[in-house]
Amino acid sequence: MSAPEIPTQESHPAEVAELLPLGELDQLAIEAETDKSSKRHDYMRFYEHLLTPYKDKSFSMLELGVGLPSRRAPSLRTWKAFFPKARIVGVDIKGVSKTFEEDRIHIEIGDASKPRFLKRVFRTYQPSVILDDASHFWSHQIIGFQTLFPMLPPGGVYIVEDVHTSFLAKEEGSQYADHEESFWSYFSRLQAGLVCSQRHGPELSTQESRLTAWIDSISISRRTVAIVKRQKMRRRELSRAVS
């Protein structure tokens, strides 16, 4: 019996797909001069991959944090250009941000660390996509997620930017460490609970267990965490919850 032929390199080329290319969203971000583009933080390749299914949907997108007043809300203008049917809502504590409103861009002035305010904004606009680019304080990031993720519709997306501040407690930027636990420490516990279906991982509080049971997937990129909400809570995973 003759030995089987070994496939040649020509018959099996090493082709790869470019999964996170620089695309339309990054170009729009460059034109708007937002620091989310590849010229600075390089978030938009990740976001285009994640959010393209929303491209032609009629929905509301909520971004916490409008940015420096001198830049005139470049992130909101980028989302408006990429999502032609979407209503874009920005939240900021600076009153001057209200002047950046235009067709399909709405600005709410208030403190994103206050659950009551966040709930009011959510009820008004009913967003399907939420992006937290506000103060980056540990407590604010945790409060925002705990308050708004449960209100998202199934299939909604919750993004937290600048999660690197969780590692700045003993360095320049330690002002973000305003809580006993960083956002990354808090969220990594939920992530572990998701991976093990809440069976063999860390103990979760009742609130944390319910949040985890609603998480469909978690994507992590540079400085960024994105969470997709399940269509239905996995109630059978709630059994390990502690009070």
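Heavy-atom basis, side chains included; hydrogens, waters and symmetry copies ignored.
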Inset, instruction - Please test Asp26 against Ser38 for side chain to side chain donor-acceptor pair (under 3.5 Å), starting from the C-alpha separation and ending with a verdict. - result: CA-CA 7 Å; Asp26 184 66; Ser38 56; 2.8 Å; yes

Is there a donor-acceptor pair closer than 3.5 Å between any side-chain N or O of [X] and the backbone N or O of [Y]?
{"X": "Lys55", "Y": "Phe82", "value": "yes"}
{"X": "Thr165", "Y": "Tyr176", "value": "no"}
{"X": "Arg223", "Y": "His41", "value": "no"}
{"X": "Arg45", "Y": "Leu22", "value": "no"}
{"X": "Asp178", "Y": "Ser139", "value": "yes"}
{"X": "Ser60", "Y": "Pro127", "value": "no"}
{"X": "Thr147", "Y": "Ile143", "value": "yes"}

Around atom [atom1] of [X], are there more than 12 heavy atoms from other residues, nucleotides or ligands closer than 6.0 Å?
{"X": "Lys94", "atom1": "NZ", "answer": "yes"}
{"X": "Lys39", "atom1": "NZ", "answer": "no"}
{"X": "His49", "atom1": "NE2", "answer": "no"}
{"X": "Lys57", "atom1": "NZ", "answer": "no"}

Identify the heavy atoms of [X] and [Y] that sit nearest to each other, and give their distance.
{"X": "Ile107", "Y": "Ser97", "result": "CG1-O, 3.4 Å"}
{"X": "Pro202", "Y": "Gly193", "result": "CD-N, 4.4 Å"}
{"X": "Leu152", "Y": "Val129", "result": "CD2-N, 4.4 Å"}
{"X": "Ala32", "Y": "Pro74", "result": "O-CB, 3.1 Å"}
{"X": "Tyr125", "Y": "Arg87", "result": "O-NH2, 3.0 Å"}
{"X": "Leu51", "Y": "Ile159", "result": "CD1-CD1, 4.4 Å"}

First locate atom [atom1] of [X], then atom [atom2] of [Y], and finally report the distance between them rounded to the nearest 0.5 Å.
{"X": "Leu194", "Y": "Leu211", "atom1": "CG", "atom2": "CG", "value": "12.0 Å"}
{"X": "Phe183", "Y": "Phe167", "atom1": "CZ", "atom2": "CZ", "value": "11.0 Å"}
{"X": "Ser135", "Y": "Asp111", "atom1": "OG", "atom2": "CG", "value": "8.5 Å"}
{"X": "Leu148", "Y": "Ile130", "atom1": "CG", "atom2": "CD1", "value": "4.5 Å"}
{"X": "His136", "Y": "Leu168", "atom1": "NE2", "atom2": "CG", "value": "10.5 Å"}
{"X": "Arg222", "Y": "Asp162", "atom1": "CZ", "atom2": "CG", "value": "12.5 Å"}

I'd like to know if [Y] and [X] are part of one continuous hydrophobic network [Ile/Leu/Val/Met/Phe/Trp/Tyr, side-chain heavy atoms within less than 4.5 Å].
{"X": "Leu62", "Y": "Ile93", "value": "no"}
{"X": "Val66", "Y": "Ile105", "value": "yes"}
{"X": "Met233", "Y": "Leu190", "value": "yes"}
{"X": "Tyr47", "Y": "Phe59", "value": "yes"}

Legend entry - Qualifying residue, where the test is salt bridge (Lys or Arg N to Asp or Glu O under 4.0 Å) with Glu108 and the options are Arg123, Lys114, Arg120: Arg120

Inset, instruction - Using the salt bridge (Lys or Arg N to Asp or Glu O under 4.0 Å) rule, pick out the option among Lys229, Arg230, Arg234 that qualifies with Asp216. - result: Arg230

Inset, instruction - Starting from the C-alpha separation in whole Å, work towards a yes-or-no answer on side chain to side chain donor-acceptor pair (under 3.5 Å) for Glu48 and Thr52. - result: CA-CA 5 Å; Glu48 185 158 359; Thr52 288; 4.6 Å; no

Under 4.5 Å between any side-chain heavy atoms of [X] and [Y], yes or no?
{"X": "Ser221", "Y": "Tyr43", "result": "no"}
{"X": "Ile220", "Y": "Gln191", "result": "yes"}
{"X": "Thr78", "Y": "Ser75", "result": "no"}
{"X": "Phe117", "Y": "Val91", "result": "yes"}
{"X": "Phe83", "Y": "Asp56", "result": "no"}
{"X": "Thr224", "Y": "Val163", "result": "no"}
{"X": "Ile88", "Y": "His106", "result": "no"}
{"X": "Gln126", "Y": "Met151", "result": "no"}

Inset, instruction - Could you tell me how the ring of Phe145 sits relative to the ring of Phe187: parallel (under 30°), tilted (30 to 60°) or perpendicular (over 60°)? - result: perpendicular

Inset, instruction - Please work out whether the ring planes of Phe149 and Tyr158 are parallel, tilted or perpendicular, with thresholds of 30° and 60°. - result: perpendicular

Inset, instruction - Mind running side-chain contact (heavy atoms from CB on, under 4.5 Å) on Phe137 and Gln175 for me, showing each step along the way? - result: CA-CA 8 Å; Phe137 290 150; Gln175 69 270 19; 4.1 Å; yes

Between [Y] and [X], does any NZ, NE, NH1 or NH2 come within less than 4.0 Å of an OD or OE carboxylate oxygen?
{"X": "Arg210", "Y": "Glu237", "result": "no"}
{"X": "Arg77", "Y": "Glu31", "result": "no"}
{"X": "Glu161", "Y": "Lys36", "result": "yes"}

Inset, instruction - Under the side chain to side chain donor-acceptor pair (under 3.5 Å) rule, what do Glu181 and Trp138 come out as? Steps first, then yes or no, please. - result: CA-CA 7 Å; Glu181 183 176 33; Trp138 296 359; over 6 Å; no

